[in-house]
Each structure stands twice: as structure tokens, then as C-alpha cells.
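Questions regarding the structure given below will be posed in turn.
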Amino acid sequence: MNGLLLFAGDASGRSAQSGNLFDLGLADWRDVAALGRVAGETRTALQASRHRRDIVDFLGEVVGSALEPRRGGRAVEASEPCVEAQRLLAAWTGLDAVLQGQGLDLQLGMAAFARDLVSYGRDVAPPLYRQLLSGDHEAALEALRLQIRMRADRATALSAAMRGFATRAGAFAAAFAAFERDPAVRISLREAPELCLSYDDDGVARLEPVKGGAARQFWRLQLDQIADAHRLRSAADPALHLHITADDKLWTLANAATPFGFPLISEGPPPRVGALAELPVGADLFRVPPRQGATLENVAFPEHALDVAEVQAGAPLRLWEKTGLPTQQWTFSPSPRTRREIALHDIAAPAAGLAATVAGVRGLRGDWNAVLDDLEAGLTAPEASAADLDAVLAGWSRMADAAEAALAEFEAEARAFDTAGS
């Protein structure tokens, strides 16, 4: 808001890089306090996750002994968290420590900063600016110096507290942005990694040479928590999914077993890639192996696995009874996200967007210095002429209104933060 400068020349040397003075958007202020509240909720969610057997050991390092695995229950995945998840955990731990240690100081400092803007815009600027232009210049300027320097000192203290907070928030937001929830993966035969799963224009799922890197070679694995299985969506066209075709006769026969427990028929309905419409339940859900080089099966056909008749480019994918042969062994590059990593992403997501906003809240003292620079330089430069006083005072009045509204929003979020932390 450069309309806040009375002389508006090149006087604001210490803050000339700032496009708008005191650019305190209402949403930004609310986000600062909201991050504290959401972080408290995230902490609670992490603690409560000890009841989630699929993520308990992975999140244990975040909240300590509260997440110690219980005896019994379903075994958790043994794989180590990916590098991106480890970075996200470290960044979250740092931000949470700052919020727990300095959250109250930040609340008090930001509230004081907003009140300083309100009092200056409504009580200080109107009489002293008029005196500065028409009365005792030196007395008015000295009074303004005192008022501005007090506010600048308080802003400096807030900036110091905000700096570490903003840095931690920025690191957390960056770590979250680098941790893609459902990264595109290539699915290849373990024994022939140069061949991967793709599809043609007719939707026929088939092997294709990795060389060339066509977009159809990549898939996004979307976890269905209830079914504990994944949908394989084409990264090239999000409307297309790998699924088992709806053939009533083959669906019935493939799920019928002989007296010896073997499937009645070796080959089930063929897999295809297309839109999901009028398909049997489970046609688009697949069990993704927790380790590399295992079978990939559809949930509706537990005795069959995805297979190819020939290990060569162009070979169509088929659904075949489990044999354990290399034609049924698949690898993923990169490895699919584990349930624990997806859970971490989803728990941290509400705080990540707020952290990105908070990371930019800095440099508060420079704005007050720019106001003082403008007043002092404007009076000492004979050729300088004052801007329309009424317009400048109107600008300060609008700033006071905005700061007061931001303060109300901020205090409401801060109360919620205090409640969440108690």
C-alpha cells in the first residue's frame, strides 16, 4: 500500500524492495494462527494412529512411545520409508517443535503488530500528519519518530520470532510438495525389466519396450483403504483404468474351484484398459505386492494372477491361474507408496498448505522504517511536495480497518489453537 507514504519519493530506501507496505492479507494472518491449530490436530491424529496397525511403527519416531506397536494384530509392512517420507517426517518434527515452544510468543507478537497498525492509522497519523504539514514540523516529526520506532522495535522482535517459524514452515511445505502421494510408476516383468505394462489404442493391455518411455507405460496406484487394494489409473489418461472385463460366464467359471482346490479354468476374463462403467464389483481393484517380484492379482480372482503367454514386446496381458513362474513376477519403478506413507501424507496435508503461506510472512520492521524514511526525507528535500493529505490518511484508515479485521480472525484461530493444545 504505497498510498500510505506521505511524500512517496525515493525515501523508503530500507524497504524499497517491498511492493506494498504492510501487505497483510486477511487470509495470511488467519493462516498463521490456523497452522498452529492444525498442527495441534495433526499431533493428535499422529498419537491416535497407534490404533492403526498399518502405520504404527512408521509414525513411532514422530511421537515416541505413544505409538509403540502392540502385541498381536496384523503385521505391518517391513519396508523402510522412502527418502521423501523421511524428509517429510524430519521437517514436520522441526516445525512442530517450534510451534510447541514459541506458539504463544507468535500469537502475542502478531496481535501487538496488528494493534500497532490500528492505533497508528486511527490515532497517531491524522493529527501529527496535519501538524507536520502546517504547524510545528520538528515537534511533529519527533513525535512521529517516537511512535514509529516503538512500533519498529516490536516488529523487530516479532520478525525474529517469525523467522525461525517461517523457515521451518517453508521447509515442511517444500518437503510435502516433494512427497507425491501417488507417483507415476512403471510396471515391468522382473525377469525382463526392459519390457513393461502398457496398452494400445484399442485398450488391449500388453507388454511394451521400456525404451522410448511412452506416457502409456506409467500408472498411478490409488489405494482403496476399505478394499486394501489399488486402482491402476493410466498416467497418460486419468479416465482410463486397468480392469478385468465383464464376462459373466468367465467370471463364474474362473471363480469356481475343483474338489482339489484348483480353479476350474486356467484363464479368466482378459484384462483391459478403459473407462470404469458397468463393471462387476472388484473388476478394477488389484492387490499390489508389498515386495518386488511378486504376483499382481485382481481382488475378484484370488486364484489367478496377471500373466503373459510370451515374454516379448506386444504380448497381451492375461489373467492366468497362479503358477509362480517369471511371467507372473512384476516389479515397480519407483516402488509404490506403502499404506503408512500414504497415511502420513494425508495426516500432514492440512498443515502443508498453511505452511506454504506462513513461509512468506517476514520483513515486518522494514515497513515501519520505510514510513519513517519517507517522512524524514520528504521534509529535508526542498523540492519535495506532499501528496494529498486526505488520500494518505484515508489509506491509513483502510489499513487500520484491514488490520483490525485480520486481528479478529487471528484471535479466533488463536483461541482454537489454545483449545486444541489444552
Side-chain angles (χ1 to χ4, degrees), residues 1-26 28-29 32-33 102 104-133 136-167 358-381 384 386-387 389 392-407 410-411 414:
M1 239 182 238
N2 289 334
L4 299 177
L5 297 179
L6 186 59
F7 295 93
D10 295 327
S12 55
R14 281 178 283 184
S15 272
Q17 302 302 318
S18 176
N20 294 317
L21 296 180
F22 305 113
D23 190 8
L24 300 175
L26 188 65
D28 294 345
W29 277 67
V32 171
Q102 302 178 21
L104 180 59
D105 291 340
L106 290 169
Q107 289 182 53
L108 297 176
M110 291 199 71
F113 186 73
R115 292 190 186 99
D116 279 344
L117 285 170
V118 172
S119 62
Y120 189 87
R122 292 180 181 169
D123 303 325
V124 175
L128 289 179
Y129 278 25
R130 289 191 176 93
Q131 181 180 345
L132 190 68
L133 294 180
D136 186 343
H137 306 296
E138 287 301 323
L141 184 58
E142 187 57 35
L144 285 167
R145 285 194 188 106
L146 178 62
Q147 293 289 338
I148 292 173
R149 284 172 179 166
M150 286 192 305
R151 286 166 172 78
D153 288 344
R154 285 191 285 268
T156 299
L158 176 59
S159 291
M162 187 68 72
R163 190 173 298 113
F165 175 48
T167 299
V358 169
V361 183
R362 309 185 190 198
L364 302 175
R365 179 178 181 174
D367 289 338
W368 282 117
N369 284 333
V371 174
L372 183 58
D373 287 347
D374 174 69
L375 295 174
E376 291 181 336
L379 289 178
T380 57
L389 179 60
V392 172
L393 293 180
W396 275 110
S397 178
R398 289 191 295 271
M399 171 56 69
D401 291 342
E404 188 172 60
L407 177 62
F410 177 80
E411 290 180 332

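For reference, positions follow the sequence shown, starting with 1.
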Original post:
Where do Y120 and L375 come nearest, in terms of heavy atoms and distance?
Top reply: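 Looks like OH-CD1, 4.2 Å.
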Subject >> M150 side, atom CE; I148 side, atom CD1 - distance, nearest 0.5 Å >> reply: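 One finds 10.0 Å between CE of M150 and CD1 of I148.
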Original post:
Looking at side-chain heavy atoms only, is the closest gap between E138 and D136 below 4.5 Å?
Top reply: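 Yes; the side chains approach each other to less than 4.5 Å.
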**OP:** Write down the atom of G121, the atom of A400, and the distance for their closest heavy-atom approach.
**Re:** CA-CB, 4.4 Å
**OP:** Kindly compute the distance separating CG (N369) from CZ (R149), expressed to the nearest 0.5 Å.
**Re:** 9.0 Å
**OP:** Please report the C-alpha distance between E376 and R145 in whole Å, then the side-chain angles of each, then the deciding distance to 0.1 Å, and finally whether the salt bridge (charged side-chain N to carboxylate O under 4.0 Å, His left out) criterion is met.
**Re:** CA-CA 9 Å; E376 291 181 336; R145 285 194 188 106; 2.6 Å; yes
Original post:
Looking only at heavy atoms, what is the nearest atom pair of F113 and L158, with distance?
Top reply: CB-CD2, 3.7 Å
Subject >> Backbone of L6 reached by a side-chain donor or acceptor of D374 within 3.5 Å >> reply: yes
Original post:
Is the shortest heavy-atom distance from the side chain of L117 to the side chain of R122 under 4.5 Å?
Top reply: no
Original post:
Quick one: are S119 and R151 in side-chain contact, heavy atoms under 4.5 Å?
Top reply: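 The answer is yes; the side chains approach within 4.5 Å.
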Original post:
Can you find a pair of side-chain heavy atoms, one from L132 and one from L144, that are under 4.5 Å apart?
Top reply: yes
Original post:
In Å, rounded to the nearest 0.5 Å, how long is the span from CG of L133 to CZ of F7?
Top reply: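 The CZ atom of F7 is 5.5 Å from CG of L133, to the nearest 0.5 Å.
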**OP:** Mind checking the CG-CH2 spacing from D116 to W368? Nearest 0.5 Å is all I need.
**Re:**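 Result: 6.0 Å between the selected atoms.
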Original post:
Side chains of L141 and H137: closer than 4.5 Å at any heavy-atom pair?
Top reply: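 SC-SC contact between L141 and H137 ruled out.
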Original post:
Do you know the tightest heavy-atom contact between L5 and A370?
Top reply: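 Looking at all heavy atoms of both residues, the shortest contact is CD2-O, 3.9 Å.
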Subject >> Gap separating the CG atom of D367 from the CG atom of L372, nearest 0.5 angstrom >> reply: 13.0 Å
**OP:** Taking all heavy atoms of E404 and all of V118, pick out the closest pair and write down the distance.
**Re:**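 Nearest heavy atoms, E404 then V118: N-CG2, 3.7 Å.
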**OP:** Measure the spacing between CG of L393 and CZ of R398 and express it to the nearest 0.5 Å.
**Re:** 10.5 Å
